[in-house]
K.L.:
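Dumping the structure here so I can ask a few things about it.
Whatever order the structure lists ligands and atoms in, that order sets their numbers, starting from 1. Fair warning: this is a prediction, and the values are worked out from it, not measured in the lab.
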Amino acid sequence: MILDGRKPAKLIEERVKQEIDKLDFTPTLATIIVGEDPASKVYVQAKDKACKRVGINTITRELPIDAKRSVLISTIEELNREKDIHAILIQLPLPAHLDANGITEFVYPSKDVEGLHPLNLGRLVTERAGIAPCTPSGVIELLKYYNISLDGKNAVVVGHSAIVGKPMALLLLKEWSTVTVCHIKTQNLSKHTKEADVLISAVGKPGLITADMVKDGAIVVDIGITKVGGELLGDVVFDAVNEKVSAITPVPGGVGPMTVAMLLKNTVECARRSKNWRANNHD
Ligand code: NAD
């Protein structure tokens, strides 16, 4: 089975649009881009287009590549204070002199659309309602859409970043999978991947996951995206792996559309939380 992400993404989009139609205000997402990375600009344009489809207003703040940390922080604080901005996205990657993990701490947790503030990540650990990172929560929604149960399964996540791999592992635990996380220093990667009922790769190295590393009948989710020439490639050698497994996501058209859909869903959630936060603070 090919796990096409466009179908569930469309469904989520429709639900988000219905929710927005019921609101008496327009949710607004602000994106901060530092530098001129062409890939980042393409992503931001795609997100803006999706926001427009469902009725989310967007604004973009562009800073030069050599912007000081203090300037980026003041931009975030200005957006935090702005009542009509409900969600803030800092487009990654940031230039090397700006520490992304440290910077996300300055975004109000209620406006943290990517769920990367330590408060939101902490809520993920304690399984309290919060805003979860878009890509891993999109993977869970994708598997649910195709009625793939994670309960009691051996799940192996390759990649341990704060934005994808680690929250992915936590969300799989929440669904009662037994989780193994692999990374660049993992010895004998295939020993672990071969044990996976559900294998999720989030590395960014095309060809990393080959057919001999995958168990017969496994479910394979490819989060990796690498642009090679004009082509987008995942981490998994798709054709050969597809012959062995019971389900697999394509690249593109698998996890990517789900990430965008979850961004829209999180923006509405942020809009609700920002409003509540203001109401609770008598503002
Ligand atoms: P990252 O560079 O922060 O992390 C890469 C991870 O891969 C690290 O944990 C590292 O330890 C691990 N790794 C590197 N080489 C390895 C190897 N040989 N064996 C095992 N592990 C190895 O990247 P990220 O931000 O987590 O993104 C990962 C990939 O997912 C990228 O290709 C990115 O473009 C893609 N991505 C896709 C979406 C989407 O919507 N589909 C969203 C976010 C990221």
K.L.:
Check whether any side-chain heavy atom of Leu29 lies under 4.5 Å from a side-chain heavy atom of Leu264, and answer yes or no.
P.N.:
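No, their side chains stay 4.5 Å or more apart.
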K.L.:
Taking non-hydrogen atoms only, is Ile163 closer than 4.0 angstrom to ligand 1 via side chain, backbone, both or neither?
P.N.:
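Under 4.0 Å from ligand 1, Ile163 contributes side-chain atoms alone.
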K.L.:
Specify the protein heavy atom at minimum distance from atom 21 (N) of ligand 1: its residue, its atom name, and the distance to 0.1 Å.
P.N.:
His183 C, 3.2 Å
K.L.:
Could you work out, for atom 5 (C) of ligand 1, the closest of Val251, Val164, Val203 by heavy-atom distance?
P.N.:
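Checking each option, the heavy atom nearest atom 5 (C) of ligand 1 is found in Val203.
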K.L.:
Counting only nitrogen or oxygen atoms and a 3.5 angstrom limit, does Ile184 reach ligand 1?
P.N.:
yes
K.L.:
Are any of the side-chain nitrogens in Lys227 or Glu231 under 4.0 Å away from the carboxylate oxygens of its partner?
P.N.:
no
K.L.:
With a 4.0 Å cut-off on N to O distance, would you call Asp21 and Lys17 a salt bridge?
P.N.:
yes
K.L.:
Does Leu92 approach ligand 1 within less than 4.0 angstrom via side chain, backbone, both or neither, non-hydrogen atoms only?
P.N.:
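It is neither part, as no heavy atom is under 4.0 Å.
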K.L.:
Should you measure from each heavy atom of Leu208, which atoms of ligand 1 turn up under 4.0 Å away?
P.N.:
18 (N)
K.L.:
For Cys182 and ligand 1, answer yes if some heavy atom of the residue is under 4.0 Å from a ligand atom, otherwise no.
P.N.:
no
K.L.:
Checking side-chain polar atoms at under 3.5 Å, does Asp212 have a donor or acceptor matched by the opposite partner on Thr210?
P.N.:
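There is such a pair between these side chains.
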K.L.:
Checking a contact table here: which protein heavy atom is nearest atom 8 (C) of ligand 1, and how many Å away?
P.N.:
His160 ND1, 3.7 Å
K.L.:
Please determine if Lys111 and Glu82 form a salt bridge, counting it only when a charged side-chain N lies under 4.0 Å from a carboxylate O.
P.N.:
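Result for this pair is no, no salt bridge flagged.
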K.L.:
For ligand 1, is any non-hydrogen atom under 4.0 Å from Lys205's backbone (N, CA, C, O), its side chain (CB onward), both, or neither?
P.N.:
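It is the side chain that touches ligand 1; the backbone stays farther off.
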K.L.:
Does Thr259 approach ligand 1 within less than 4.0 angstrom via side chain, backbone, both or neither, non-hydrogen atoms only?
P.N.:
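The part of Thr259 near ligand 1 is the side chain, not the backbone.
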K.L.:
Are any of the side-chain nitrogens in Lys10 or Glu13 under 4.0 Å away from the carboxylate oxygens of its partner?
P.N.:
no
K.L.:
Tell me the contacting part of Thr186 for ligand 1: side chain, backbone, both, or neither, using a 4.0 Å heavy-atom threshold, strictly below.
P.N.:
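None of Thr186 does.
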K.L.:
What protein heavy atom is closest to atom 34 (O) of ligand 1, reported as residue, atom name and distance in Å?
P.N.:
Ile225 O, 3.2 Å
K.L.:
Identify the protein heavy atom lying closest to atom 30 (O) of ligand 1, giving its residue, its atom name and the separation to 0.1 Å.
P.N.:
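Result: Ile223 O, 3.6 Å.
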K.L.:
Is it the case that one hydrophobic cluster holds both Ile103 and Val113, taking links as side-chain heavy atoms less than 4.5 Å apart, direct or via other members?
P.N.:
yes
K.L.:
Find all atoms of ligand 1 within a distance of less than 4.0 Å from any non-hydrogen atom belonging to Val158, and give their numbers and elements.
P.N.:
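So the atoms of ligand 1 that pass are 20 (C), 21 (N).
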K.L.:
What pair of heavy atoms forms the shortest contact from Val241 to Ile209, and how long is it?
P.N.:
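Closest approach of Val241 to Ile209, heavy atoms only: CG2-O, 3.8 Å.
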K.L.:
Any atom of ligand 1 sitting under 4.0 Å from a heavy atom of Gly165?
P.N.:
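Under 4.0 Å: no for Gly165.
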K.L.:
Taking the minimum heavy-atom distance to atom 4 (O) of ligand 1, which of Ser161, Pro167, Gly254 ranks first?
P.N.:
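Of the listed residues, Ser161 has the closest heavy atom.
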K.L.:
If you compare all heavy atoms of Ala132 against all heavy atoms of Leu124, which two are closest, and at what distance to 0.1 Å?
P.N.:
CB-CD1, 3.9 Å
K.L.:
Can you give me the closest heavy-atom contact between Ala196 and Val156, atom names plus distance?
P.N.:
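That would be CB-CG2, 3.5 Å.
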K.L.:
Assess the side chains of Thr31 and Thr60: does a donor N or O sit below 3.5 Å from an acceptor N or O?
P.N.:
no
K.L.:
For ligand 1, indicate whether the residue Thr135 contacts it via side chain, backbone, both or neither (heavy-atom separation under 4.0 Å).
P.N.:
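Only the side chain of Thr135 comes within reach of ligand 1.
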